[in-house]
Amino acid sequence: MISPVLLALCGYASDLDIPSPLLRESGPEPVTEALSSERVRPWEAPDAAQRFVVGTTDSVAIARWLALHGWPHRLMGSGLFEVEVPPDSLDLLATHPAIDRVESPARRDHHALDASRDRINAQEAHAGTGLSRSHRGTKALVGIIDIGFDLNHPAFQDSLGNSRIVRLWDHTNTSGKAPAGFSTGTLFTTPEALKSLGRSGSNQTHGTHVAGLAAGRGWPASGGEWWGVADDARIALVDCGEGCRQINDGIKYLFRLGDSLKLPVAVNMSWGTLNGPRNGKSSDCVVTRSLVGPGKIVVASAGNTGGNAAHAAHEFRGDTARYALQVSKGTQTLSTGGTRTSYFNEVELWGDSAKSYQAWVEVLSAKDSLLGTSTVFQLGTGSSTYQSIDIRKLVGPDTLWAKGNIEKRSGLSGLRLSVSTNRTGLQLRMGVTATSGTVHGWIWEAGLDFLNLPQSRCRGCVVPDSLHVISDKATCPAVIAVGAISGSSGARATFTSRGPGLGPVPKPDLAAPGVSIISALNSGALGSSTVSGKMGTYPWGPMSGTSMSAPLVTGAIALLLEANPKLTTDSLVRIFKGSRTVHNPDTGWMRLDVFKLMQIAESTPVASVRNPLHLTQPTVRFWIGADGRRTAVPAGAMPRDFHPGGIAWLQTCQEGACTARGMVKPVR
């Protein structure tokens with residue numbers, strides 16, 4: 001077999017929120033340079049994180065085994081544990097026969113940041129025009145998992161000046177007790193405690209802005225333009241701190257609170273990750289799927305990397321492909337406390353774990369001459385569940401660093417690397433060879449891209465695109481994923497992360513305005529946001545991002561739950577989809593129209609929640625006889641009154657899905 005490195009030698013002749021004044025509505029500029037502007041960033045190597053997610057087929061045995069080794073752990077549910085383990089013990093962890101997943105944590109989660117109410121047709125829903133009554137979310141709970149809440153902001157008061165915030169769980173506060181069953185932070189439960197606290201511990205404004213869009217009241221002088229969607233809903237807040245490592249705990253708590261208050265809950269999660277296979281099967285998704293249900297909905301922002309060429313894919317047929325990396329100058333703060341100037345990118349590759357492929361890093365001169373390669377990484381068949389990578393290799397006068405890991409999860413095998421060199425003017429490429437299968441590559445450093453190099457410069461170079469860059473969290477079928485549009489034109493916001501993802505259902509589900517959206521700001525952390533209006537010391541101002549479009553949908557879902565508290569994620573997606581058969585990778589099935597959604601909700605009985613629009617084929621019932629023949633039950637007939645004779649199964653079919661309910665005896 002020819003070495004892939006020899007083949008390579010022969011082949012050569014954030015999601016970061018956007019302050020509105022900096023936002024551009026034009027298309028992305030083509031990438032022409034291999035070097036972007038210098039930046040200072042912390043050194044957060046993938047294997048430096050101590051908490052890993054472990055999946056197992058035997059929770060009891062693994063719990064005993066983890067306790068025996070003295071590794072702190074907690075059960076997340078659905079056969080998943082969060083484990084705090086030293087990196088040098090990962091090999092032992094990965095080789096246990098009952099462990100089928102070791103998932104490295106995201107390097108960090110990024111919050112993905114006014115349409116006036118008339119742009120999304122919320123005014124009619126609030127007024128009750130054309131509806132049976134006014135809908136303002138009074139009988140629903142809006143939960144916000146975020147950072148930086150201004151608890152005394154007038155946006156969160158009712159018409160009498162009383163706070164509508166019923167709970168705050170501040171993960172950054174250690175002054176009191178956490179909610180029952182949890183061990184992090186402090187729970188604040190009374191109006192007096194919330195008023196006295198004033199603001200949650202994270203000195204940010206993101207959470208205040210998001211909560212204001214979902215459920216806030218506007219500055220009176222704005223004429224109602226800056227009001228949120230569910231402006232009379234009760235509000236529960238979870239300040240999850242920088243990086244927001246425990247989002248699932250927040251979801252679990254908010255749903256539990258909704259049960260205690262006997263209210264349906266819409267939870268907003270304006271956070272996303274820039275890494276992961278985007279196939280809707282992460283550990284986060286497994287846990288979220290176990291939590292959602294009738295009246296329990298999670299909304300996720302799509303992310304803000306839609307303007308980047310951050311994705312590239314190649315289908316292999318025994319060939320070699322290359323993924324050319326844009327290189328950025330940065331100052332890394334090392335774990336030792338020192339610093340290092342490097343020229344870097346951060347990339348991950350994901351392929352079918354049942355197939356075999358090999359990958360390596362290539363260093364080239366500015367004139368495309370190959371200077372050297374890393375070792376070859378074996379992926380897919382035969383590779384371990386988890387393997388740390390820490391390589392430092394001399395390439396002539398230069399140094400190549402490759403730090404990261406190999407891992408398997410959700411039927412995929414992935415390689416995550418932070419790659420860098422010590423000198424300007426060099427190029428970095430990933431080489432991959434395989435006999436078959438598709439390998440997807442993503443950039444997981446905000447603002448960087450793959451390069452689109454001509455074949456004359458880079459034989460086998462993959463052409464990058466901006467598809468499938470939607471946040472890994474937003475590809476989960478258990479959440480409602482939201483993209484962003486311009487409120488004024490309705491066109492796709494250039495920053496919105498594009499789908500459709502690689503999961504079983506296309507994402508995002510819908511889109512809402514996300515450009516220069518005005519909402520409440522934290523009076524203690526204005527930052528660089530432009531202030532558009534104030535009531536005393538309490539400001540309102542604009543921000544842009546899918547973090548802004550998501551809470552508009554969360555507020556709308558709170559109104560829908562008020563009208564129909566048994567709605568599920570599936571039934572909501574059916575509402576959004578309607579009779580459409582074509583999914584838009586940028587805006588999903590529809591653009592947010594609150595009034596139209598409320599008309600549907602009011603006309604839909606709870607018993608029909610699974611098919612609220614009545615747009616698909618009606619339910620059809622059959623008897624299946626002993627000979628396997630199907631005989632349709634006539635419309636209007638009771639199944640027990642119509643029977644072809646003999647023993648049979650009653651089969652119910654809807655939208656191509658059929659289930660056998662059991663044997664029913666005919667009437668004699």
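Heavy atoms only: backbone and side chains are in, while hydrogens, waters and symmetry mates are out.
Using a 4.5 Å heavy-atom cutoff, the side chains of Glu562 and Thr138 are in contact. With a 4.5 Å cut-off on side-chain heavy atoms, Trp589 and Arg574 do not count as touching. Residues Lys507 and Pro500 form no side-chain contact, since every pair of their non-hydrogen atoms from C-beta on lies 4.5 Å or further apart. Side-chain contact between Ile518 and Trp226 is present, with at least one heavy-atom pair separated by less than 4.5 Å. In this structure the side chain of Ser544 never reaches within 4.5 angstrom of the side chain of Met548, judged on heavy atoms. Side chains of Asn522 and Gln204 form no contact here, defined as non-hydrogen atoms less than 4.5 Å apart. Taking 4.5 Å as the limit, every side-chain heavy atom of Arg234 sits out of range of all side-chain heavy atoms of Val142. Contact annotation: the side chain of Lys296 never approaches that of Pro294 to less than 4.5 Å [non-hydrogen atoms, C-beta and beyond].
For the pair Asp158 and Arg164, the salt-bridge criterion is not met [side-chain N within less than 4.0 Å of a carboxylate O]. Using a 4.0 Å cut-off between charged nitrogen and carboxylate oxygen, Lys577 and Asp509 do not count as a salt-bridge pair.
Centroid-to-centroid, the aromatic rings of Trp169 and Phe182 come within less than 6.0 Å. In this structure, the ring of His153 has its center less than 6.0 angstrom from the ring center of Trp540.
Taking the six-membered ring for Trp and thresholds of 30 and 60 degrees, Trp71 and Trp65 have ring planes more than 60 degrees apart, a perpendicular arrangement.
Among all heavy-atom pairs drawn from Thr205 and Ala525, the shortest one is CB-O, 3.3 Å. Closest approach of Ala484 to Ala511, counting heavy atoms only: N-CB, 4.3 Å. Between Ala140 and Ala558, the shortest heavy-atom distance links the atoms CB-O, 3.5 Å. Minimum heavy-atom separation, Leu80 to Ser283: CD1-O, 3.6 Å. When all heavy atoms of Phe576 and Ile480 are compared, the pair lying nearest together is CE1-CG2, 3.9 Å. Closest of all the heavy-atom pairs between Ile470 and Ala481 is CD1-CB, 4.5 Å.
Only one option out of Leu168, Thr186, Asp239 pairs with Asn173 in a side-chain contact (heavy atoms from CB on, under 4.5 Å); it is Thr186. Tested against Asp232, the residues Arg136, Lys139, Arg217 include a single salt bridge (Lys or Arg N to Asp or Glu O under 4.0 Å) partner, Arg217. Test Asn564, Leu567, Leu597, Leu561 against Leu572 for side-chain contact (heavy atoms from CB on, under 4.5 Å) and you get one pass: Leu567.
No side-chain N or O of Thr208 forms a donor-acceptor pair with one of Asp150 less than 3.5 Å apart. Looking at Thr546 and Asn304, their side chains do bring a donor and an acceptor atom within 3.5 Å of each other. Side-chain N/O atoms of Thr554 and Asn268 include a donor and acceptor closer than 3.5 Å. Side-chain atoms of Ser523 and Arg199 include a donor-acceptor pair closer than 3.5 Å. A donor and an acceptor atom, one from each side chain of Asn275 and Asp472, are nowhere located under 3.5 Å apart. There is no side-chain donor-acceptor pair under 3.5 Å between Asp284 and Ser282. Of the N and O atoms on the side chains of Ser163 and Gln157, not one donor lies less than 3.5 Å from an acceptor on the other residue.
A donor-acceptor pair is defined here as one N or O able to donate and one able to accept, closer than 3.5 Å; no such pair exists between the side chain of Arg278 and the backbone of Gly501. Remark: the backbone N or O of Asp170 is not paired with any side-chain donor or acceptor of Ser200 at under 3.5 angstrom. Remark: the backbone N or O of Leu213 is paired with a side-chain donor or acceptor of Ser519 at under 3.5 angstrom. Under the 3.5 Å distance criterion, the side-chain polar atoms of Trp271 are matched with a main-chain donor or acceptor of Ile145. At distances below 3.5 Å, at least one donor-acceptor pair connects side-chain atoms of Ser260 with backbone N or O atoms of Leu257. Side chain of Thr475 to backbone of Gly280: a donor-acceptor contact under 3.5 angstrom is found. Of the possible polar contacts, none joining the Lys252 side chain to the Val287 backbone as a donor-acceptor pair under 3.5 Å is found. Using modelled atom types, no side-chain atom of Ser549 and backbone atom of Gly514 make a donor-acceptor pair closer than 3.5 Å. Side chain of His171 to main chain of Gln246: no donor-acceptor pair is present (N/O by atom type, distance under 3.5 Å, no hydrogens or angles). Between the side chain of Glu602 and the main chain of Ala563, no donor-acceptor pair closer than 3.5 Å is present.
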Self-check item: Audit row: Leu560, Met598, side-chain contact (heavy atoms from CB on, under 4.5 Å) steps and yes/no
Solution: CA-CA 6 Å; Leu560 292 168; Met598 292 311 304; 3.8 Å; yes
Quiz item: Stepwise, does the side-chain contact (heavy atoms from CB on, under 4.5 Å) test hold for Thr568 with Ser571?
Solution: CA-CA 5 Å; Thr568 65; Ser571 59; 3.2 Å; yes
Exercise. Dump the intermediate steps for side-chain contact (heavy atoms from CB on, under 4.5 Å) on Ile247 and Lys473, then the final yes or no.
Key: CA-CA 11 Å; Ile247 287 179; Lys473 293 180 184 296; 4.0 Å; yes
Practice problem: Before giving the answer on side-chain contact (heavy atoms from CB on, under 4.5 Å), spell out for Leu151 and Phe156 the whole-Å C-alpha distance, their side-chain angles and the decisive distance to 0.1 Å. | Solution: CA-CA 8 Å; Leu151 307 173; Phe156 309 128; over 6 Å; no
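Here the straight-line distance linking atom CZ of Arg409 with atom CG of Asn279 works out to 8.5 Å at 0.5 Å rounding. One finds the CG atom of Leu521 at 11.5 Å from the NE2 atom of His206 (value rounded to the nearest 0.5 Å). Considering CG of Leu237 and CG of Leu194, their distance stands at 8.0 Å, rounded to 0.5 Å. Annotation: the span from Arg256 atom CZ to Leu261 atom CG amounts to 13.0 Å, rounded to 0.5 Å. With values rounded to the nearest 0.5 angstrom, Leu510 atom CG is found 11.0 Å from Asp593 atom CG. Rounding to the nearest 0.5 Å places CZ of Phe188 at 13.0 Å from CZ of Arg167.
Heavy-atom neighbours of Arg64 CZ from other residues, nucleotides or ligands within 6.0 Å: at or below the threshold of 12.
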